[in-house]
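The next block holds one structure in the form of structure tokens; read it before the comments.
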Number of protein chains: 2
Amino acid sequence: MNLRELAQNLGLSQTTVSRALNGYPEVNEATRARVVQAAEQHNYRPNTRAKGLATGRAMAIGHVIPMSKQHEMVNPVFGDFIAGAGETYSRNGYDMVLSLVEDGQEEKTYRDLRGKGAVDGLIVHGPKSGDARIAMLDDLGVPFVVHGRASAVTTPYAWLDVNNRKAFRRATDFLLDLGHRRIALINGLEELDFASRRRAGYEEALTARDLPLTPAYMRSEEMTERYGYDSVCDLLDSDAAPTAFLVSSMITAIGVRRAIEERGLRMGRDISVITHDDALSYFKNGEDAPIFTATCSSVREAGRQAAQMLLERIAKPHLPPPNRLLEAQLVVGGSTGPAPTSRTD
Amino acid sequence: MNLRELAQNLGLSQTTVSRALNGYPEVNEATRARVVQAAEQHNYRPNTRAKGLATGRAMAIGHVIPMSKQHEMVNPVFGDFIAGAGETYSRNGYDMVLSLVEDGQEEKTYRDLRGKGAVDGLIVHGPKSGDARIAMLDDLGVPFVVHGRASAVTTPYAWLDVNNRKAFRRATDFLLDLGHRRIALINGLEELDFASRRRAGYEEALTARDLPLTPAYMRSEEMTERYGYDSVCDLLDSDAAPTAFLVSSMITAIGVRRAIEERGLRMGRDISVITHDDALSYFKNGEDAPIFTATCSSVREAGRQAAQMLLERIAKPHLPPPNRLLEAQLVVGGSTGPAPTSRTD
DNA sequence: ACCGCCACCCAAAGCGCTTTGGAAATGATT
DNA sequence: AATCATTTCCAAAGCGCTTTGGGTGGCGGT
């Protein structure tokens, strides 16, 4: 069923039917009701392509998800982020088109998506520090919102980020307050902006107390379970083993715990762990008594808000690009406790 | 840059340019080269909407991801499945459009997506036993492929599934062979077809050895970490506690392990655990020495193949709907061992 | 009785592409 | 030199919608 048929069916012109359905005022409420009812009855849905052609708007948002070629890995937070964004889109009549692309190939995909006219706006995932995509999208003239930031980019652009630096600063301070002095950072890939900010927070806390930065305590890789396990094994077997670990992802923290417990140690007593927790739905960190002390921030909520920002940006492109900084909560769980050495003081 | 401009630019008609770009034979190779080069130089990309309108094909596939309202949870396997499917799509010039929808609302979304002409085909996720969507899509006339099966649906339809029954039959047999007699099943929601098949495999194995089915040993819920933990706590504290657990998801297995180790028990010695492992990229079950004994099947590969099947189905709709049954591997890891009681025999 | 003004509706153009049904030019055949 | 098949290209229609720029009829005001 298309517009013409529907119009013929009703004995009206396409114009009138179109206007009736799109809520234009110049149509009698009685006819509008008649039209709406007929449309419903015939299960009429305007063809997106035709509508898009006519209006010039695609009513779709593109998400380009980077995927590590190395590990064939897609960061699990995307699932929840997408879920949040999807909510916003469907409430506003937008579709979501998704591309999974190998690291570094994203630019071409953005170009294509826009060039084809497949999307009205884009969400940029996983920004690197001096991410070239931002400049590119800017002079491509497509509305976009970055999930995260690109520290080295100085031109204004729309972003939504968690205050990663502050979160890790606080987490580190928390461990320091507990008497820990040898604190390891099991970070994500530091070419990614969020990871470098977390590191900055960590270093800032140490430096503020005149503590040295120990390169051996800092690791940076893709956040798999295995990586957490291996790192901790390594570090605990070294001399001057850390007494505390700061971990960048829940998944990795699972591996960290595994390594700790395999050694007969206990989290919170022998070794302290703080992890960042993106509040992945299947991984709720225990509602009542969290297993892990964690810096918490809902990535789903981030998705919702980023999508909202993007839609507003599309509607009002002349406004200056909005920014939003979400604060992470530091929630105390069972994985932290006073440093073992300080107990004996 | 659109076709007309490009054609004017070249002093050719739109027809010729279009044909040149789409590889039609009736155009001189010299002109074709000229056209292709100009297109490249001007960064020309045919407008999807216009193309779609003209051809009637959307060059897009819809994925409707069910999302539990209850836990706001989206199953983590979707990430990897989507990644696999996405590979296939992008290789074939298709886009992927994604909708996340609350449980049970999927039908409307399928209808919309098709009615709007936004997609040429659909992937059905998370089929229930007598899933109504299949009949609906059938008489809607949309090509689709189901990831999984719907046992109660008797009409032929295209699906790709893992042999869940057999996988869990084998896993249960494996535990039985090790002397376990009290084996608990920590299953996913059994309204979902895959879960009911897993249960069938489990029951089949027990029944084949004339062992009773103990309802208290069978659990069925959404596969969160917490669920695994709670279930095991519960069961281990009961009298006649199980000596082995069969778990439906890696995530849940993590919770199972947590509960076991928290009690000072050790997996593989005191308690045996077998989990299903979808080979999620960030959760590689240890390449060399797997932590968990597991029934393994790559959901990413499933995505790749399901997508391929769908594209073929779209190309040749007259062929009978294809089916594909993937076998899971039973990979032995460190989480299984002889039953404690049988040791004392 | 005439004018003007709404309220309501319509015909037709246009969005950017594909595709049908030729036409013009070229070369081979008689 | 005339004929005919190829090759190479083109004009125009059409995909399903929105939107511009009117029309028509009914009403109140003069």
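Each chain gets a letter, A, B and so on, in the order the sequences are listed, and its residues count up from 1.
When side chains are defined from C-beta on, A/Arg304 counts as touching A/Arg300, because their heavy atoms get closer than 4.5 Å.
In this entry the distance linking NZ of A/Lys51 with C1' of D/dC15 reads 17 Å, nearest Å. Atom CE of A/Met59 and atom C1' of D/dT18 are 14 Å apart (whole Å). Rounded to a whole Å, the CZ atom of B/Arg49 is 15 Å from the C1' atom of D/dT18. Between the P atom of C/dG14 and the CG atom of A/Leu3 lies a distance of 19 Å, rounded to the nearest Å. Straight-line distance from the CG atom of B/Leu10 to the C1' atom of D/dT8: 15 Å, rounded to whole Å. Atom-to-atom, CZ of A/Arg45 to P of D/dC17 comes out at 13 Å; the value is rounded to the nearest Å. Distance CZ (A/Arg4) to P (D/dT18): 15 Å, rounded to an integer number of Å. At whole-Å resolution of the value, CG in B/Leu53 and P in C/dG14 are 17 Å apart.
One finds no side-chain N or O of A/Tyr24 lying less than 4.0 angstrom from the OP1 or OP2 phosphate oxygen of D/dT20. Between A/Asn2 and D/dC15 there is no side-chain N or O to OP1 or OP2 distance below 4.0 Å. The shortest distance between the side-chain N/O atoms of B/Tyr44 and the OP1/OP2 oxygens of C/dC17 is below 4.0 Å. The side chain of A/Asn47 contributes no N or O atom lying less than 4.0 Å from OP1 or OP2 of D/dG16.
Heavy atoms of other residues, nucleotides or ligands lying less than 6.0 angstrom from CD of A/Glu26 number more than 12. More than 12 heavy atoms of other residues, nucleotides or ligands lie within 6.0 Å of CD in A/Glu5, so this atom counts as buried by the packing criterion.
Every residue two or more places apart in sequence or in another chain was checked for a ring-ring contact (aromatic ring centres under 6.0 Å, His included) with B/Tyr94, and none qualifies.
Taking the six-membered ring for Trp, A/Phe78 and A/His63 have ring centres at least 6.0 Å apart.
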B/S/- contact track for nucleotides 6-13 of chain C, protein heavy atom under 4.0 Å: --SBBBB-

Step-by-step side chain to side chain contact (heavy atoms under 4.5 Å, CB included) determination, A/Asp95 to B/Lys116: CA-CA 11 Å; A/Asp95 287 333; B/Lys116 293 194 297 187; 3.0 Å; yes

Stepwise side chain to side chain contact (heavy atoms under 4.5 Å, CB included) check, B/Phe81 with B/Ile123: CA-CA 11 Å; B/Phe81 186 92; B/Ile123 297 276; 4.0 Å; yes

